[in-house]
Amino acid sequence: ATRFGGPKLWDVLAVGPGRLNKDGNRVPMEPQPGDRVITFSYTSGALPLDDGTSIVDQSDVLVIIPKDNRYEEKTES
C-alpha cells in the first residue's frame, strides 16, 4: 500500500554510537544533539516513547538542519 504524508520536523536530543559497517568499524551518526531533522510523516521508523519523545532511525532522515544554522530569529546580545 502506498502511503502519503508531509514532512515532519524533529529536534535531536541525543544520538546513539552509530552503526557497524561490514568491516566492523563504527560509522558515527550524522545528526548531532541540537540539530533538527526532517522525515516524512509516514516514516515507520519513529518509535514513540512514554515521555513524549520518539526514536527516529537515521535511515529515515531526509534533511539535517545543523544547530548553528537553524532558522529561528537570532537575537544579538
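For clarity, every value in this text was computed on a predicted model and none was experimentally measured. Both backbone and side-chain heavy atoms feed into the values below; hydrogens, waters and symmetry mates do not.
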Between Gln58 and Glu30, the two heavy atoms sitting closest are OE1-N, 2.7 Å
Should we say atom CG of Asp51 is surrounded by more than 12 heavy atoms from elsewhere, each under 6.0 Å from it?
yes
### Message
Trp10 vs Ser54, test: side chain to side chain donor-acceptor pair (under 3.5 Å). Steps then yes/no.
### Response
CA-CA 9 Å; Trp10 306 86; Ser54 296; over 6 Å; no
Rounding to 0.5 Å, atoms CZ (Arg19) and CG (Asn25) come to a distance of 11.0 Å
Could you walk me through whether Gln32 and Val12 pass the side-chain contact (heavy atoms from CB on, under 4.5 Å) check? CA-CA 7 Å; Gln32 293 299 306; Val12 179; over 6 Å; no
Closest non-hydrogen contact found for Asp35 with Lys67 is OD1-N, 2.8 Å
- Give the intermediate values and the outcome of side-chain contact (heavy atoms from CB on, under 4.5 Å) for residues Ile65 and Leu9. CA-CA 10 Å; Ile65 304 167; Leu9 185 68; 4.3 Å; yes
- request: Output, in order, the C-alpha distance, side-chain angles, deciding distance and verdict of side-chain contact (heavy atoms from CB on, under 4.5 Å) for Thr39 and Val56.
  value: CA-CA 9 Å; Thr39 66; Val56 177; 3.9 Å; yes
Item to complete: Look at the side chain of Arg26 and the backbone N and O of Gly18, then say whether any donor-acceptor pair between them is shorter than 3.5 Å.
Response: yes
Correct closest heavy-atom pair for Val15 and Pro33 would be CG2-CD, 4.2 Å
